[in-house]
> 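Quick one: structure below, then a few questions.
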There are 2 protein chains.
Amino acid sequence: MPTDTPAPQSKGEQTRALILETAMRLFQERGYDKTTMRAIAAEAGVSVGNAYYYYEGKEFLIQGFYDRMTREHAVEARTRMAGRTDFAERLQIALESWVDCAAPYHEFAAQFFRTAADPDSALSPFSNESHPARTCAVAIFREVIDGSQLGPKLDPELEELLPDLLWLHLMVVVLYWVFDRTEDTERTRAFITRCAPFVAKLVSLSRYRVFRPLVRDAVDMIQDFVLPTIGKAAPAPKPAPTATPAKRKRPAKD
Amino acid sequence: MPTDTPAPQSKGEQTRALILETAMRLFQERGYDKTTMRAIAAEAGVSVGNAYYYYEGKEFLIQGFYDRMTREHAVEARTRMAGRTDFAERLQIALESWVDCAAPYHEFAAQFFRTAADPDSALSPFSNESHPARTCAVAIFREVIDGSQLGPKLDPELEELLPDLLWLHLMVVVLYWVFDRTEDTERTRAFITRCAPFVAKLVSLSRYRVFRPLVRDAVDMIQDFVLPTIGKAAPAPKPAPTATPAKRKRPAKD
DNA sequence: GAAGCCACTTGAACATGTTCAAAAACAGGT
DNA sequence: ACCTGTTTTTGAACATGTTCAAGTGGCTTC
């Protein structure tokens, strides 16, 4: 399963990595659509069929980007957050880090996004519960929370929900970013600057009496309807849906 | 530019309509991917090239579905809402109507969605300001509001924003629906049933003192960052972005 | 070493979206 | 009827993602 720079580098794994590296380079140089599978194979010095031996299709190559970017983001966000204890600030840093890490790929980000929007695709972070990128990003947001001073007094259920909520928030930012055509995605950055304090305020206010019923409603709804969809079991969902059977065509190449 | 059943039906318009009808039928029978352009052309009794004379590409044919569904939804929602005056109820009806109208197309809805997620596509309701489907849906939500008893006392800016906000809410429901794999999309229906009263409560509470600063923040943010993106000018946006030039390759076939 | 197995590799063939130069049909003016 | 320009139509050609039967090479087993 390792897609980038793991341990033993057997013959096959070397070829697999070579193809991925080449594809990533060409994607960045020419864009996704302009990069043909033939070009990737030629540039990597292998045959077209060989690329398909390791990757189920062209789309599956972008998983490489996805994974790499997520790792970069994790490192970057942790580094920049170090020492900061204000929740809004930490959140903003986490989101800005994402934009910075994703910047090189903005031009063909649409391709990522189209893939993410396809419920049939194994690459979609929505339909694939254990999507590595999702798991990693949620972990970052956990740290965003834990490193700031607001933990103890929050509603415990909300507190547990928060990392996933912030991930959803990131998804909104990503949507915004994909459609952002301004220079250096300035608009998205401004959006983040405005959002972060607002979200922080929302979280902060959730402690107060007046907001309690509202927060409870929201939390319940998300637990019942959102988390199950992205692969987390909710404590006691109402309609108790029958377990959805996993659908696979082949012995899972990647 | 009429895509369905407009007035004069000149020779060319007849062919255009024939191709669209055939495509829609085949899409429904076999699904989007399984329906080839050759099959559409053959079934319609024209040549492949002819289809491309009227439609820029395969994707552009789904615009037909989009438009038709939107019209159906408008009629359906208005009919069902008639007489109801409770905001939550009207909202729920509007959303449920959408799910009902969209039901026949659920299987290949992913295709719609992937297209909508592509910022370069002229079909995306996000990037195309005057998207007919968007305009139509927003109008429906305007009626949802106007037909219920809560108008006068709301913050006027929020009131003006609300139709677009509800449209965004619909987009969330659509996202949920696309990924919903339950029988008859029961889960989405339950989701709507839970969401509608909650949204109504939010709107209703927005009147109260305590929520005022929060509402103001949210309204400002949406006016500055969300509306401009979907093509509505905000009163006084902060960064005042330079007008984004429209990008077109050809003299706009469809 | 021969035989057999298996991971890996190949490239031609296929399927399908898309383009384009040319033909056909049509409309209007003379 | 004939010329002329425009609209519509055609189908072959093209580009590219994908498949697959066959080949290659290394390894183990006899």
Side-chain angles (χ1 to χ4, degrees), chain A residues 1-2 8-20 22-23 26-27 29-64 108 111 114-115 118 120-123 249-254, chain B residues 1 8-20 22-23 26-27 29-64 108 111 114-115 118 120-123 248-254:
Chain A
M1 318 297 136
Q9 292 298 64
S10 74
K11 178 75 183 309
E13 288 309 313
Q14 245 172 314
T15 311
R16 162 182 244 124
L18 171 64
I19 291 167
L20 182 59
T22 309
L26 293 187
F27 285 162
E29 283 175 16
R30 319 178 184 176
Y32 182 81
D33 284 326
K34 296 284 204 58
T35 306
T36 74
M37 289 300 281
R38 284 168 178 80
I40 295 170
E43 193 78 8
V46 300
S47 70
V48 205
N50 204 0
Y52 280 92
Y53 180 76
Y54 289 105
Y55 297 95
E56 207 165 327
K58 194 180 176 185
E59 276 191 341
F60 281 69
L61 284 166
I62 70 181
Q63 179 80 28
F108 58 107
Q111 210 55 48
R114 292 193 63 168
T115 303
D118 183 355
D120 294 325
S121 169
L123 301 181
K249 322 174 209 169
R250 313 184 184 190
K253 278 183 183 177
D254 198 354
Chain B
M1 316 313 128
Q9 293 298 68
S10 73
K11 178 75 185 309
E13 288 309 313
Q14 244 172 313
T15 312
R16 162 181 243 123
L18 171 64
I19 291 168
L20 182 59
T22 310
L26 293 188
F27 285 161
E29 283 174 18
R30 320 176 183 175
Y32 182 81
D33 284 326
K34 295 286 204 57
T35 305
T36 74
M37 288 300 280
R38 285 170 178 77
I40 295 170
E43 192 79 8
V46 300
S47 69
V48 205
N50 206 2
Y52 280 91
Y53 179 76
Y54 289 105
Y55 297 94
E56 206 164 329
K58 193 180 177 186
E59 275 190 343
F60 281 68
L61 284 165
I62 70 181
Q63 179 78 26
F108 58 106
Q111 210 54 46
R114 291 194 63 172
T115 303
D118 183 355
D120 293 324
S121 169
L123 302 180
R248 283 229 179 279
K249 319 174 211 170
R250 311 186 188 191
K253 280 183 181 179
D254 198 356

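Chain naming here is simple, since letters A, B, ... match the order of the sequence lines and numbering starts at 1 in each. Not measured: the values here are computed from a predicted model.
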> Just checking, A:Lys58 and A:Tyr32: is the charged tip under 6.0 Å from the six-membered ring centre and within 45° of the axis?
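Relative to the ring axis of A:Tyr32, which defines the angle, A:Lys58 lies inside both limits.
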
> Roughly how many Å is it from CD in B:Gln14 to C1' in C:dA25, rounded to a whole number?
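Distance check: B:Gln14 CD to C:dA25 C1' gives 15 Å.
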
> Check the interface with nucleotides 24-28 of chain D: list each N/O to N/O pair with the protein under 3.5 Å, or write none.
none

> Find the distance B:Asn50:CG to C:dA25:C1' and express it as a whole number of Å.
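Computing the B:Asn50:CG to C:dA25:C1' distance gives 12 Å.
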
> Measuring from A:Glu59:CD to A:Leu61:CG, what's the distance to the nearest 0.5 Å?
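That separation rounds to 10.0 Å.
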
> Let me know the distance between CZ of B:Arg30 and P of C:dT16, rounded to the nearest Å.
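Roughly 11 Å, once rounded to whole Å.
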
> To the nearest Å, how far apart are A:Phe60 CZ and D:dG17 C1'?
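Spelled out: CZ on A:Phe60 to C1' on D:dG17 is 14 Å.
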
> Judged by atom type as modelled, is there a donor-acceptor pair below 3.5 Å linking the side chain of A:Tyr53 to the main-chain atoms of A:Arg16?
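Between the backbone of A:Arg16 and the side chain of A:Tyr53 there is no qualifying donor-acceptor contact (under 3.5 Å).
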
> Side chain of A:Tyr53 only, heavy atoms from C-beta on: which candidate in C:dC8, C:dG17, D:dT9 is closest?
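Output: C:dC8.
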
> Separation of A:Tyr52 atom OH from C:dC14 atom P, in whole Å?
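Nearest whole value for this atom pair: 17 Å.
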
> Output the residues of residues 33-47 of chain B in contact with DNA chain D, where contact means a heavy atom of the residue under 4.0 Å from an atom of the strand; sort by number or write none.
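Of all residues in residues 33-47 of chain B, the ones placing a heavy atom under 4.0 Å from DNA chain D are B:Arg38, B:Val46, B:Ser47.
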
> Please give, in whole Å, the distance from C:dT9 P to A:Ile19 CD1?
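Taking atom P of C:dT9 as the reference, CD1 of A:Ile19 is at 7 Å.
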
> Is A:Thr15 close enough to C:dT9 that one of its side-chain N or O atoms is under 4.0 Å from OP1 or OP2 there?
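So the side-chain polar atoms of A:Thr15 do come within 4.0 Å of the phosphate oxygens OP1 or OP2 of C:dT9, strictly under.
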
> Looking at every non-hydrogen atom in both residues, tell me the closest pair between B:Leu26 and B:Thr35 and how far apart they are.
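Of all heavy-atom pairs spanning B:Leu26 and B:Thr35, the closest is O-OG1, 3.3 Å.
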
> Taking CD from A:Glu59 and C1' from D:dT18, how many angstroms apart are they, rounded to a whole number?
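Between C1' of D:dT18 and CD of A:Glu59: 13 Å.
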
> Hey, what do you get for CG (B:Leu123) to CZ (B:Arg114), rounding to the nearest 0.5 Å?
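With rounding to 0.5 Å, CG (B:Leu123) is 14.0 Å from CZ (B:Arg114).
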
> What closest approach, in Å, do B:Ala44 and B:Thr22 show between heavy atoms, and which atom pair accounts for it?
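Heavy atoms only, the tightest pair is CB-OG1, 3.5 Å.
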
> Within a strict 4.5 Å, meaning less than it, do heavy atoms of the B:Tyr54 and B:Leu20 side chains meet?
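A side-chain contact under 4.5 Å is absent here.
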
> Go nucleotide by nucleotide along DNA chain C from the 5' end; which of B:Gly49 and B:Lys58 gets its closest nucleotide reached first?
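Result: B:Lys58.
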
> Less than 4.5 Å apart, side chain to side chain, heavy atoms only: is that true for B:Gln63 and B:Thr115?
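No - every pair of side-chain heavy atoms lies 4.5 Å or more apart.
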
